[in-house]
Amino acid sequence: MAHDLLTMGRISVDIYPNDIGVGLADVSSFGKYLGGSPSNVAVAAARHGRRSAIITRTGEDPFGEYLHRELHKFGVDDSFITAVPGLQTPATFCAIMPPEDFPLYFYGRFPTAPDLQIAADELNLDAIRAAGIFWSTVTGLCQEPSRSAHLAAHEARQRENLQAGQYTVLDLDYRPMFWASEEEAREQVSKILPHVTVAIGNDKECAVAVGEGTPDEQADRLLEAGVEIAVVKLGPEGVMAKTRTERVVSAPVPVETVNGLGAGDAFGGAFCHGLLSGWPLGLVLDYANASGALVASRLSCADAMPTPHEVNSLLAERGRNVPAPVEAVR
């Protein structure tokens, strides 16, 4: 059966402190969680009832076993995940200093990581073509063989061959520690954009992809590159989505922030759910915004992904439109 959402790329174990508001040197205890942006997006969509899967790699170690177990717990298909002998499953540490300071420390990613060893000849291209949404990130383009594998996946899923209701999403997820320069990242993004129907990023990520400018200018450049929906996150001003015929801005949903790191992934999974449900773009953005806000108000990422009931309750509480139930969701 085709997946509603198939993501590709990073997976890791998130090691988050139980002590809030102190630096890592002073933390006394931690909890471990499933992490990695594409993995979190798959979990977020599964929470909304979507058939989700991820293409990635782990180390051949207990942390890899843990990630498989967590994916099973969340109802995410892990059949496209294999271990890479000789490499360790990455771990990501974070200090939690709300409301805005959440520095990340990546371990087991340099000089490479298992999920950067995804090879083109290992891909199930039929599953990639059949998925309702295929989601990848710019980070997956930073190194071979992952770079070529991502390009092969996108080339197998040409825009003109997509059916009605299918989308190909590029998360502009730019992390400078994985790149030699912004110019190198922009060059690789330019090879993927011709295959993408939806691009999502904040102002910095959009600038890396298509150059500096106002949010509208950046969205217009993405549309000129052939993207059908350009989503530009506006920080405290919310998020804007633009098509060739529509411009929508969703105001932020204020919450007391505990850990902002998973908010973007919650947004992504909920955004995919809204697209697949056929909702109006404004409703998709509001629903995704509320999903991100709920995760920002919680400690973890994957474990914190909200259910439709939780999102709808927050929307109703804040006087926003609440989507009708979607019968097609399984």
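Distance alone, capped at 3.5 Å, is enough to place a donor-acceptor pair between the Asp19 side chain and the Ser28 backbone. A donor-acceptor pair under 3.5 Å is absent between the side-chain atoms of Arg175 and the main chain of Thr139, judged by distance alone. A donor-acceptor distance shorter than 3.5 angstrom exists from the side chain of Asn124 to the backbone of Ala127, with no hydrogens or angles considered. Gln88 contributes no side-chain N or O that, together with a main-chain N or O of Asp61, makes up a donor-acceptor pair within less than 3.5 Å. Not one N or O on the side chain of Glu182 forms a donor-acceptor pair closer than 3.5 Å with the backbone of Ala207. With hydrogens and angles ignored, the 3.5 Å screen pairs no side-chain donor or acceptor of Arg10 with any backbone N or O of Asp115. Side-chain atoms of Arg247 never come within 3.5 Å of backbone atoms of Met240 as a donor-acceptor pair (strictly under, hydrogens ignored). A donor-acceptor contact shorter than 3.5 Å is absent between the side chain of Arg50 and the backbone of Leu5. A distance-only check finds no donor-acceptor pair linking the side chain of Thr168 to the backbone of Val196 [under 3.5 Å]. Of the possible donor and acceptor atoms, none in the side chain of Arg57 sits under 3.5 Å from a partner among the backbone N and O of Ala83.
The hydrophobic cluster containing Leu314 also contains Val322, counting ILVMFWY residues as joined when their side-chain heavy atoms lie under 4.5 angstrom apart, directly or transitively. One hydrophobic cluster holds both Leu172 and Met177 under the rule that ILVMFWY side chains link at heavy-atom gaps under 4.5 Å. Hydrophobic clustering of Ile, Leu, Val, Met, Phe, Trp and Tyr side chains at less than 4.5 Å, counting indirect connections, unites Tyr66 with Val76. Cluster annotation: Ile229 is not connected to Leu234 through the hydrophobic network of ILVMFWY side chains, with a link wherever side-chain heavy atoms come within less than 4.5 Å. Neither Leu6 nor Val198 shares a network with the other; the hydrophobic side chains, linked directly or stepwise wherever heavy atoms of I, L, V, M, F, W or Y lie under 4.5 Å apart, form separate groups for each.
Expressed to the nearest 0.5 Å, how far OG1 of Thr307 lies from CD of Glu310 amounts to 3.5 Å. Atom CZ of residue Arg69 and atom CG of residue Leu34 lie 11.5 Å apart, to the nearest 0.5 angstrom. Between the OG1 atom of Thr58 and the CG atom of Leu67 there is a distance of 6.5 Å, given to the nearest 0.5 Å. Distance check: Asp216 CG to Leu223 CG gives 10.0 Å after rounding to the nearest 0.5 Å. Note that CD of Glu205 is 10.0 Å distant from OG1 of Thr137, once rounded to the nearest 0.5 Å. Note that CG of Leu283 and CZ of Arg320 are 11.0 Å apart. Values are rounded to the nearest 0.5 Å.
Taking the six-membered ring for Trp and thresholds of 30 and 60 degrees, Tyr287 and His273 have ring planes inclined between 30 and 60 degrees apart.
Within the 4.5 Å cutoff, no side-chain heavy atoms of Cys206 are placed close to those of Glu217. Side-chain contact check for Phe134 versus Gln166: every heavy-atom pair is 4.5 Å or farther apart. Side-chain atoms of Trp179 and Leu141, non-hydrogen and from C-beta on, do get closer than 4.5 Å to each other. Within the 4.5 Å cutoff, no side-chain heavy atoms of Trp135 are placed close to those of Tyr167. In this structure the side chain of Asn161 never reaches within 4.5 angstrom of the side chain of Arg129, judged on heavy atoms. With a 4.5 Å cut-off on side-chain heavy atoms, Phe267 and Val239 count as touching. Within the 4.5 Å cutoff, side-chain heavy atoms of Cys301 are placed close to those of Asp14. In this structure, Ser291 and His48 have side chains that are in contact, with non-hydrogen atoms separated by less than 4.5 Å.
When the shell of 6.0 Å around CD of Glu246 is examined, it contains more than 12 heavy atoms from other residues, nucleotides or ligands.
In terms of heavy atoms, Ile118 sits closest to Met8 at CG2-CE, 3.9 Å. Taking all atoms of both residues into account, the shortest heavy-atom contact from Met305 to Ala44 is SD-CB, 3.7 Å. Taking both residues in full, the closest heavy atoms of Ser300 and Tyr16 are given as CA-CD1, 4.2 Å, listed atom of the first, atom of the second, then distance. Contact between Gln117 and Gln143 at its shortest, heavy atoms only, is NE2-OE1, 3.9 Å. In plain terms, the two heavy atoms of Ala120 and Ser148 that are nearest each other are CB-O, 4.2 Å. The minimum heavy-atom distance between Asn40 and Ala302, with the atom names listed, is OD1-CB, 3.5 Å.
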Indicate every side-chain donor-acceptor pair of residues 94-103 with a distance under 3.5 Å to a residue at least two apart or in another chain.
none

What donor-acceptor contacts under 3.5 angstrom involve side-chain atoms of residues 250-259, with partners at least two apart or in another chain?
{"residue": "Ser250", "atom": "OG", "partner": "Asp286", "partner atom": "OD1", "Å": "2.5"}
{"residue": "Ser250", "atom": "OG", "partner": "Asn289", "partner atom": "ND2", "Å": "2.9"}
{"residue": "Asn259", "atom": "OD1", "partner": "Leu261", "partner atom": "N", "Å": "3.1"}
{"residue": "Asn259", "atom": "ND2", "partner": "Leu299", "partner atom": "O", "Å": "2.7"}

Practice item. Show your reasoning for whether side chain to side chain contact (heavy atoms under 4.5 Å, CB included) applies to Ile55 and Ile128. Key: CA-CA 10 Å; Ile55 301 168; Ile128 290 170; 3.9 Å; yes
Review point. Could you go step by step and tell me if Ser37 and Asp265 meet the side chain to side chain donor-acceptor pair (under 3.5 Å) rule?
Key: CA-CA 6 Å; Ser37 183; Asp265 301 333; 2.6 Å; yes
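With respect to Arg51 and Asp77, no salt bridge is recorded, no charged nitrogen being found less than 4.0 Å from a carboxylate O. A salt bridge is defined here as a Lys NZ or Arg NE, NH1 or NH2 lying under 4.0 Å from an Asp or Glu carboxylate O, and Lys73 with Glu70 meets this definition.
A donor and an acceptor atom, one from each side chain of Ser52 and Arg47, are nowhere located under 3.5 Å apart.
In this structure, the ring of Phe80 has its center less than 6.0 angstrom from the ring center of His3.
Between Phe93 and the choices Tyr33, Phe106, Phe30, Tyr105, the ring-ring contact (aromatic ring centres under 6.0 Å, His included) rule is met once, by Phe30.
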